[in-house]
Amino acid sequence: MKKILTFFLFYAPVVAHANGAATVTTLSPVDSQISAGSYTIALGETDDPKAPRTWEGPIEITTRGGSHCVVNDEVSLIEKPMALVGGHYLYVPTYSGSEGALYVVDADTCAVAWKSKSYVGKIYFSGDRVVIPGQPWMKIGLRGVPTPAIGK
């Protein structure tokens with residue numbers, strides 16, 4: 001009985017989360033800034049102060065604890081929709097000319113954790129997935145980085 005109880009107390013939560021999905025929070029910038037979780041995210045200059053649609057970057061992230069970092073310059077010309085996934089992965093769609101790229105940035109370190117292939121069109125989030133035009137939909141797992149859905 002003790003072994004069964006030990007399993008449920010210590011291993012059942014791990015098993016339950018193994019098939020789970022990360023929490024996806026769509027972000028709504030106010031002017032050129034976002035407050036999300038324990039982060040304040042500055043996006044740089046906007047295209048239109050009254051109704052911003054894009055931002056030049058660089059992205060600067062500050063935590064409530066006071067640490068500060070700047071994301072690599074390649075993550076610029078930012079557009080919507082942005083999201084915070086798993087509490088600290090920032091999903092940032094960007095564009096250059098007619099092509100887009102989605103970056104996943106670790107908000108704790110400002111390091112790029114993942115970059116999509118180029119695409120034309122707009123991405124969107126649906127539950128625990130991100131849909132990138134012309135590519136198989138991607139499941140966002142607990143580790144925050146998208147993975148292609150098998151058979152989709």
Show the nearest heavy-atom pair for residues [X] and [Y], with the distance to one decimal.
X	Y	result
G144	Y89	CA-CD1, 3.6 Å
A22	G86	CB-N, 4.1 Å
P81	P93	O-CG, 3.0 Å
G44	S32	O-OG, 2.9 Å

Applying salt bridge (Lys or Arg N to Asp or Glu O under 4.0 Å), which residue pairs with at least one partner in [range] are found, sequence neighbours left out?
range	answer
residues 70-89	E79-K122
residues 53-64	D47-R53
residues 91-116	none

Test side-chain contact (heavy atoms from CB on, under 4.5 Å) applied to V85 and V24, V104, V145, the passing residue: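 Going through the options one by one, the only one that passes is V24.
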Whether Q135 side chain and K117 backbone form a donor-acceptor pair below 3.5 Å: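 Yes, the answer is positive, given that a donor and an acceptor are paired below the 3.5 Å cut-off.
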W137 and K139, any side-chain heavy atoms less than 4.5 Å apart: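 Answer yes - side chains close enough.
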F125: partners by ring pair (Phe, Tyr, Trp, His ring centres under 6.0 Å), with sequence neighbours left out: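 Result, ring pair (Phe, Tyr, Trp, His ring centres under 6.0 Å) vs F125: Y91.
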Would you please name every residue forming a side chain to side chain contact (heavy atoms under 4.5 Å, CB included) with [X], sequence neighbours left out?
X	answer
T40	Q33, S35
L77	Y95
A111	T109
S98	none

Residue D31 excluded, over 12 heavy atoms near CG under 6.0 Å: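 No.
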Heavy-atom neighbours of Y124 OH exceed 12 at 6.0 Å: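 Not more than 12 within 6.0 Å, no.
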CG on D128 to OG1 on T23, rounded to 0.5 Å: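 Answer rounded to 0.5 Å: 10.0 Å.
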Summary of disulfide bond (SG atoms under 2.5 Å apart) pairs that have at least one residue in residues 29-134, sequence neighbours excluded: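 The answer is C69-C110.
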Contacts of type side-chain hydrogen bond (donor to acceptor under 3.5 Å, both in side chains), residue S67, not counting sequence neighbours: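 Here the qualifying residues are T63.
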Counterpart residues, side-chain hydrogen bond (donor to acceptor under 3.5 Å, both in side chains), relative to T62 (two or more places apart):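 Testing T62 for side-chain hydrogen bond (donor to acceptor under 3.5 Å, both in side chains), a comparison that skips the adjacent residues, returns H68.
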Residues clustering with I61 (ILVMFWY side chains joined when closer than 4.5 Å, directly or via others):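 Hydrophobic cluster check, I61: joined to L27, I34, Y39, I41, L43, W55, I59, V71, V75, I78, M82, L84, L90, V92, Y103, V105, V112.
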